[in-house]
Trainee: 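Let me begin by handing over the structure; questions about it come next.
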Amino acid sequence: MPVRASIDPLHWETQFFGISSAIVRMSDDAPELHAEELANWSRVQAKIPAQRTDWLDALQALGFQLVEGEIDFRLTVTDSVDPQAEIATENDIPQLRKLAAQAFAQSRFRAPWYADDASGRFYAQWIENAVRGTFDHQCLVFRDENAAIRAFVSLRQLNGSEARIGLLAGRGAGDILMQAAVHWAHARQLNTLWVATQMGNIAALKRYIQSGAVPESTAYWLYR
């Protein structure tokens, strides 16, 4: 079947990774996409609902390869105990960058699609931006007895009723991080918290389900 999609440049990713990048946005009423249009880009991404196996087959016929699956969870925000998270400051950025680079070294920005250090650099920049209130709005942290950061979560308010967890990391701290995220959303009178993770991240899947989140959608990321 023909692939029907538009192509949108990814300017920030092109600049950050040094790879000419775009994303195809699939739609049954979009123009037909041809292989020669994709040749203008070094990396073309696609994200499709997992149930659209027709799109999956059509994209693979154009040379796209499956990179990872993703599950998006929805959590209803309720009143919760304040776990006493701290708001990260600019002084925390160097430590947070290092922690994020280590925690998210094997994302969809991994080799061979990107340089060996690309995933770490991407998420290090993400968490720095969160501390500065860019993209995500805030980063919450928990510290150990030596005042070193042991866990962190970034959050972004989407609208008047919803927020999304951006990055969440800290060995053995999943429960308290989710409590902090829910408390943050509740304090802003929001009622829904979203969080996405890789299909293969079993620890995260278990944590979100144990926290009361329910799977809302599944998707595949593909690259060409």
Side-chain angles (χ1 to χ4, degrees), residues 45 47-51 66-78 80-81 83 85-86 88 92 95-111 113-114 117-131 135-144 148-158 162-186 190-223:
Q45 305 176 13
K47 183 182 182 182
I48 62 171
Q51 68 269 23
L66 180 63
V67 176
E68 71 177 30
E70 178 181 291
I71 302 180
D72 204 17
F73 286 87
R74 175 178 51 82
L75 177 63
T76 299
V77 174
T78 57
S80 63
V81 175
E86 297 180 31
D92 295 316
Q95 189 178 172
L96 283 167
R97 284 184 62 94
K98 182 178 180 179
L99 291 171
Q102 293 171 343
F104 302 103
Q106 289 298 314
S107 76
R108 65 184 180 88
F109 298 110
R110 66 185 183 276
W113 304 102
Y114 294 88
D117 67 340
S119 184
R121 289 193 302 109
F122 178 85
Y123 288 99
Q125 189 61 54
W126 183 331
I127 202 63
E128 176 174 340
N129 290 352
V131 175
F135 187 59
D136 285 349
H137 292 130
Q138 208 159 64
C139 176
L140 306 179
V141 300
F142 291 95
R143 304 179 191 275
D144 62 20
I149 295 171
R150 66 181 182 90
F152 63 88
V153 58
S154 69
L155 295 133
R156 177 169 84 259
Q157 185 167 341
L158 303 175
E162 300 174 304
R164 177 172 287 280
I165 293 173
L167 302 182
L168 182 151
R171 187 177 298 276
D175 182 49
I176 197 171
L177 288 170
M178 290 299 292
Q179 289 179 38
V182 170
H183 182 78
W184 185 92
H186 185 264
L190 309 178
N191 55 43
T192 302
L193 188 60
W194 295 91
V195 61
T197 192
Q198 297 164 311
M199 288 182 183
N201 190 342
I202 302 301
L205 297 178
K206 288 181 177 179
R207 166 46 49 204
Y208 300 150
I209 292 170
Q210 288 170 359
S211 298
V214 295
E216 192 70 20
S217 64
T218 56
Y220 292 131
W221 280 98
L222 299 97
Y223 290 165

Trainee: Please round to the nearest 0.5 Å and tell me the distance separating atom CD of Gln198 and atom CD1 of Ile71.
Mentor: 10.5 Å
Trainee: Going by heavy atoms in the side chains, are Gln157 and Trp184 under 4.5 Å from each other?
Mentor: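 They are in side-chain contact.
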Trainee: Arg143 vs Asp92, test: side chain to side chain contact (heavy atoms under 4.5 Å, CB included). Steps then yes/no.
Mentor: CA-CA 11 Å; Arg143 304 179 191 275; Asp92 295 316; 3.0 Å; yes
Trainee: Please report the shortest heavy-atom distance between Cys139 and Phe152, naming the atom on each side.
Mentor: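 Heavy atoms only, the tightest pair is SG-CB, 4.1 Å.
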Trainee: Tell me the closest heavy-atom pair linking Ala88 and Val141, and the distance in Å.
Mentor: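 The answer is CB-CG1, 3.8 Å.
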Trainee: Look at the side chain of Ser154 and the backbone N and O of Ile127, then say whether any donor-acceptor pair between them is shorter than 3.5 Å.
Mentor: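 Such a contact is absent between Ser154 side chain and Ile127 backbone.
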Trainee: Could you go through Arg207 and Asp175, starting from their C-alpha distance and side-chain angles, then the distance that decides it, and tell me whether this counts as side chain to side chain contact (heavy atoms under 4.5 Å, CB included)?
Mentor: CA-CA 7 Å; Arg207 166 46 49 204; Asp175 182 49; 3.7 Å; yes
Trainee: Check whether any side-chain heavy atom of Asp136 lies under 4.5 Å from a side-chain heavy atom of Asn129, and answer yes or no.
Mentor: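 No; the side chains remain at least 4.5 Å from each other.
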Trainee: Any non-hydrogen side-chain atom of Trp194 less than 4.5 Å from a side-chain atom of Leu158?
Mentor: yes
Trainee: Please lay out, stage by stage, how Arg108 and Lys47 fare under the test side chain to side chain contact (heavy atoms under 4.5 Å, CB included).
Mentor: CA-CA 12 Å; Arg108 65 184 180 88; Lys47 183 182 182 182; over 6 Å; no
Trainee: Just how far is it from atom CG of Leu99 to atom CZ of Phe104, taken to the nearest 0.5 Å?
Mentor: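 Here the interatomic distance stands at 10.0 Å.
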Trainee: Is the closest side-chain heavy-atom distance between Ser107 and Tyr123 below 4.5 Å?
Mentor: yes
Trainee: My understanding is that only residues two or more places apart in sequence, or in another chain, count here; which of them pass salt bridge (charged side-chain N to carboxylate O under 4.0 Å, His left out) with Arg97?
Mentor: Glu128
Trainee: Should the heavy atoms of other residues, nucleotides or ligands under 6.0 Å from OH of Tyr220 be counted, would the total exceed 12?
Mentor: no
Trainee: Between Leu155 and Leu193, does the side chain to side chain contact (heavy atoms under 4.5 Å, CB included) criterion hold? Intermediate values first, please.
Mentor: CA-CA 9 Å; Leu155 295 133; Leu193 188 60; 4.1 Å; yes
Trainee: Identify the two heavy atoms, one from Thr218 and one from Gln51, that lie closest to each other, and give their separation to 0.1 Å.
Mentor: O-OE1, 4.2 Å
Trainee: Hey, what do you get for OG (Ser217) to CD (Glu70), rounding to the nearest 0.5 Å?
Mentor: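 If I round to the nearest 0.5 Å, the distance is 7.5 Å.
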Trainee: Could you measure the distance from the CD atom of Gln106 to the CG atom of Asn201? Nearest 0.5 Å is fine.
Mentor: 12.0 Å
Trainee: Determine whether a donor-acceptor pair (N or O, by modelled atom type, separation under 3.5 Å) exists between the side chain of Ser119 and the backbone of Arg110.
Mentor: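 No; judged by distance alone, with no hydrogens or angles, the pair does not exist.
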Trainee: What heavy-atom pair brings Phe142 and Ala85 nearest, and what distance separates the two atoms?
Mentor: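 Smallest interatomic distance, heavy atoms only, reads CZ-CB, 3.5 Å.
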Trainee: Checking the side chain of Gln95 only, and the main-chain atoms of Ile149 only, is there a donor and an acceptor separated by less than 3.5 Å?
Mentor: yes
Trainee: Taking all non-hydrogen atoms of both residues, which atom of Phe109 and which atom of Gln45 are closest, and how far apart?
Mentor: CE2-NE2, 4.2 Å
Trainee: Can you tell me how far apart CD1 (Ile165) and CG (Leu177) are? Round to the nearest 0.5 Å.
Mentor: 8.5 Å
Trainee: What are the two closest heavy atoms between Ala101 and Ala124, and how far apart are they?
Mentor: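 Smallest heavy-atom distance, with atoms named: CB-CB, 4.4 Å.
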Trainee: About how many Å separate CG of Leu75 and CG of Asn191, when rounded to the nearest 0.5 Å?
Mentor: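 Taking CG in Asn191 and CG in Leu75, the distance rounds to 11.0 Å.
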